[in-house]
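All figures in this text were calculated on a predicted structure; none of them were measured in a lab. Hydrogens, waters and symmetry mates are skipped; everything else that's a heavy atom, side chains included, is used. Numbers here are sequence positions counted from 1.
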Amino acid sequence: MWSNGFSRRHLGKLAGWAALGLSTGSVKSADAQSRSSDHKSIAAFPADFRWGTATSSYQIEGAVNEDGRGPSIWDRFAHTPGKIADHSNGDVADDHYNRYKDDVQLMKALGTKTYRFSIAWPRVFPEGTGAPNPKGLDFYNRLLDELLANGIEPFATLYHWDLPQALQDRSGGWMSRDTAKAFADYSAYVSERLSDRVKHIFTINECSRLVQLGHGLGLDAPGLKLSQGELNQVRHHVALGHGLAVQAIRAYAKPGTKVGLAENMVNGIPAIETPANIRAAEIATRELNAGYLTVILEGKFTDAYLAQADAPKHTADDVSIISSPIDFVGLNVYTPDHYVLAADNSRGYTLAPFPASFPHMDAAWLRVGPEALYWAPRHASKIWGVKSIYITENGTSSTDQPAADGNIYDTDRVMYLRNYLLHLQRATSEGVPVAGYFLWSLIDNFEWMDGYQKRFGLYHVDFNTQRRTPKLSASFYREVIRQNAVV
Ligand code: GBH
């Protein structure tokens, strides 16, 4: 059983497992429970399906001044009064930089065989470009060695929003093409040194959010509110940065390294599953992702995208860089973005407005629509013929807190995950090529503008003591993985 590999210290730390029925003590283990019952899930996943968890550097690492790390735009933004709901920042976060070995044991206790994390650019290049900081890269060397020693396959994201502040100061960050080039140089450097152990690399996490919330709405770093024309140009530079990074990784990484990106694809859900609405949802999804996935996977902007006022300035060469072939697509799926109906208009579809009563989890934006986890990968496969898909994020925040008995009964998260996974299983059972699923997130962490108030972890974190406690959802996920089926 899982506890065999644990030291006394770990068992003490993970005491919560026992009460949740997962240790070998007097409480009947989940394994024993499922063995002794006739109940068998019919919702099974493919035999080689990869189960994992996901995190990002600024959200968990802390240690912002250790070993020569340079400041990032998120340090600057979080320290600007009024930007973060609880006035917090990522200075300490989960202190993962110092506790990564314990955190790898948390992954192991879940039975996950894979892990998606991100690399902090300002640890590796404190000034964004120029002299590398070997001590910064060393942290990722240690992390990779620890993961592999524990049988966990690493998937690395190169950019999860923590741009070196120096690049913002020097050239306006993503407002400049220079940042796309700097990103390619950083990608080359990192992939050359880590690809002996990391076989799957994501260039950028959620182009759409870093552009829209960071540069349009001012809610994420760097907190800019640009005009539509400037915003379109930022979007173009981010897409270009992705493409240049793909080329850099192909040139510098070990042969066989697979490259993709992790995108919060805008998904159109057929409001009623008729052939006409399904077709309309595909048309809408292709159009709503024109600036990223559509151009990346098709090698051209849509006509409507180019027809908008202030369309980005670009060259034909830019477009071929952006659409450099990739090996897989990562999809971050949290919500149904739009319910779509076929319509007799020039676009061929209508987006239904959401009624105020539409249910959501512990955030207004986190609407519950489990079918999003069916339609997102199905659209990627149908619209663009993507042959390899990973669900790179899915999960929810919850107001979960320790109950009187010390356990954390996050039944809402379990409900959310179970229903989303049933729809993912629908996709894999129909042959949609989804190769793995990374649950967001391993541990409660710094949730950007919401600070520490929104908890997405399978493990609860007490941010005063850094103690990690498994929630009920950790038991749930462990059982899903053990059975390779929805439970
Ligand atoms: C992901 O984004 C991120 O990759 C991850 O770092 C994060 O922790 C996780 O989700 C949970 O949020 O404009 O205030 O109405 C998820 C996609 C899209 C969610 C934009 C928030 C806007 C909220 N995000 N959305 S708001």
Side-chain angles (χ1 to χ4, degrees), residues 41 43-56 106-118 147 151-157 160 199-202 205-206 258 260-265 267 327-336 361 366 368-381 386-397 413-443 456-459 471 473-487:
S41 173
F45 283 84
D48 53 354
F49 196 77
R50 288 164 154 116
W51 295 104
T53 56
T55 63
S56 87
L106 302 182
M107 299 170 205
K108 208 174 171 184
L110 293 169
T112 51
K113 292 279 174 5
T114 175
Y115 173 56
R116 171 176 178 247
F117 66 100
S118 83
L147 288 165
I152 297 171
E153 184 186 19
F155 281 56
T157 306
H160 202 123
K199 301 299 179 195
H200 295 81
I201 299 180
F202 303 96
N205 180 71
E206 294 189 1
K258 294 200 159 55
L261 79 169
E263 189 52 35
N264 185 26
M265 180 185 96
N267 59 59
D327 302 304
F328 56 83
V329 168
L331 299 174
N332 295 359
V333 182
Y334 289 88
T335 62
M361 304 299 288
L366 231 172
V368 190
E371 63 273 33
L373 208 44
Y374 169 75
W375 286 104
R378 188 187 135 146
H379 281 331
S381 131
V386 177
K387 297 278 186 297
S388 178
I389 298 168
Y390 289 91
I391 302 303
T392 32
E393 290 181 24
N394 172 242
T396 182
S397 54
R413 180 176 287 107
V414 173
M415 176 279 292
Y416 174 101
L417 294 171
R418 178 186 295 120
N419 285 288
Y420 275 69
L421 287 174
L422 278 171
H423 281 272
L424 182 60
Q425 196 275 341
R426 178 184 173 200
T428 57
S429 71
E430 288 178 11
V432 177
V434 183
Y437 171 90
F438 297 86
L439 199 155
W440 185 275
S441 182
L442 177 68
I443 44 183
F456 278 81
L458 292 173
Y459 290 87
K471 305 176 187 178
S473 55
S475 303
F476 165 78
Y477 193 41
R478 185 172 176 282
E479 190 60 14
V480 166
I481 295 169
R482 204 187 64 78
Q483 293 197 32
N484 197 34
V486 185
V487 295

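Here CG of Leu261 is found 13.5 Å from CD1 of Ile201. Values are rounded to the nearest 0.5 Å. Rounded to the nearest 0.5 Å, atoms NZ (Lys258) and CZ (Phe328) are 9.0 Å apart. Interatomic distance, Phe476 CZ to Leu110 CG, rounded to the nearest 0.5 Å: 12.0 Å. Remark: Arg413 CZ to Tyr477 OH distance equals 13.0 Å, nearest 0.5 Å. Atoms CD1 and OH, from Ile152 and Tyr115 in turn, are 9.5 Å apart once rounded to the nearest 0.5 Å. To the nearest 0.5 Å, atoms NE2 (His379) and OH (Tyr374) are separated by 9.5 Å.
Residues Tyr334 and Glu393 have side chains that bring a donor and an acceptor to within less than 3.5 angstrom of each other. Looking only at atom types and distance, the side chain of Asn332 has a donor-acceptor partner in the side chain of Glu206 under 3.5 Å away.
Relative orientation of the Tyr416 and Tyr420 rings is parallel, given thresholds of 30° and 60° on the angle between their planes. Relative ring orientation between Phe49 and Phe45 is described as tilted, the plane-to-plane angle lying within the 30° to 60° band.
The closest side-chain heavy-atom distance from Ile443 to Leu458 is not below 4.5 Å. Counting only heavy atoms from C-beta outward, the side chains of Leu366 and Thr335 approach each other to under 4.5 Å. Ser388 is not listed as a side-chain neighbour of Val386, based on a closest heavy-atom distance of 4.5 Å or more. Here the side chains of Val414 and Leu417 are not in contact, with every heavy-atom distance at 4.5 Å or above. Residues Trp375 and Val333 have side chains not in contact (no heavy-atom distance under 4.5 Å, counting atoms from C-beta outward). In this structure the side chain of Tyr459 reaches within 4.5 angstrom of the side chain of Leu106, judged on heavy atoms. Looking only at side-chain heavy atoms (C-beta outward), Tyr390 and Arg50 come within less than 4.5 Å of each other. Contact annotation: the side chain of Arg378 never approaches that of Arg426 to less than 4.5 Å [non-hydrogen atoms, C-beta and beyond].
Counted within 6.0 Å of NZ on Lys113, heavy atoms from surrounding residues, nucleotides or ligands total 12 or fewer; the atom is thus considered open.
Counting all heavy atoms, side chain and backbone alike, Ser381 lies closest to Val432 at CB-CG1, 4.2 Å. Smallest separation of non-hydrogen atoms from His160 and Ser118: CB-OG, 3.6 Å. Shown here for Gly457 and Ser473, the closest heavy-atom pair between the two residues is O-OG, 4.4 Å. Residues Asn484 and Pro46 share a closest heavy-atom pair of ND2-O, 3.0 Å. Residues Leu147 and Pro154 approach most closely at CD1-CB, 3.9 Å, considering heavy atoms. Contact record, Ala427 with Pro377: CB-CG, 4.4 Å, taken as the closest heavy-atom pair.
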Enumerate, atom names and distances included, each donor-acceptor pair closer than 3.5 Å involving a side-chain atom of residues 434-442, sequence neighbours excluded.
{"from": "Tyr437", "atom 1": "OH", "to": "Asn394", "atom 2": "OD1", "distance (Å)": "2.7"}
{"from": "Ser441", "atom 1": "OG", "to": "Ala54", "atom 2": "O", "distance (Å)": "2.8"}
{"from": "Ser441", "atom 1": "OG", "to": "Asn445", "atom 2": "ND2", "distance (Å)": "3.2"}

Give the C-alpha distance, both sets of side-chain angles, the deciding distance and a yes or no for side chain to side chain contact (heavy atoms under 4.5 Å, CB included) between Glu263 and Val329.
CA-CA 8 Å; Glu263 189 52 35; Val329 168; 5.8 Å; no

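Checking each of Thr157, Thr392, Thr55 against Arg116 for a side chain to side chain donor-acceptor pair (under 3.5 Å) leaves exactly one that passes, namely Thr157.
Every residue was checked against the side chain to side chain donor-acceptor pair (under 3.5 Å) condition with Thr53, not counting sequence neighbours, and none meets it.
Checking side-chain atoms of Arg478 against main-chain N and O of Ala109 turns up a donor-acceptor pair under 3.5 Å.
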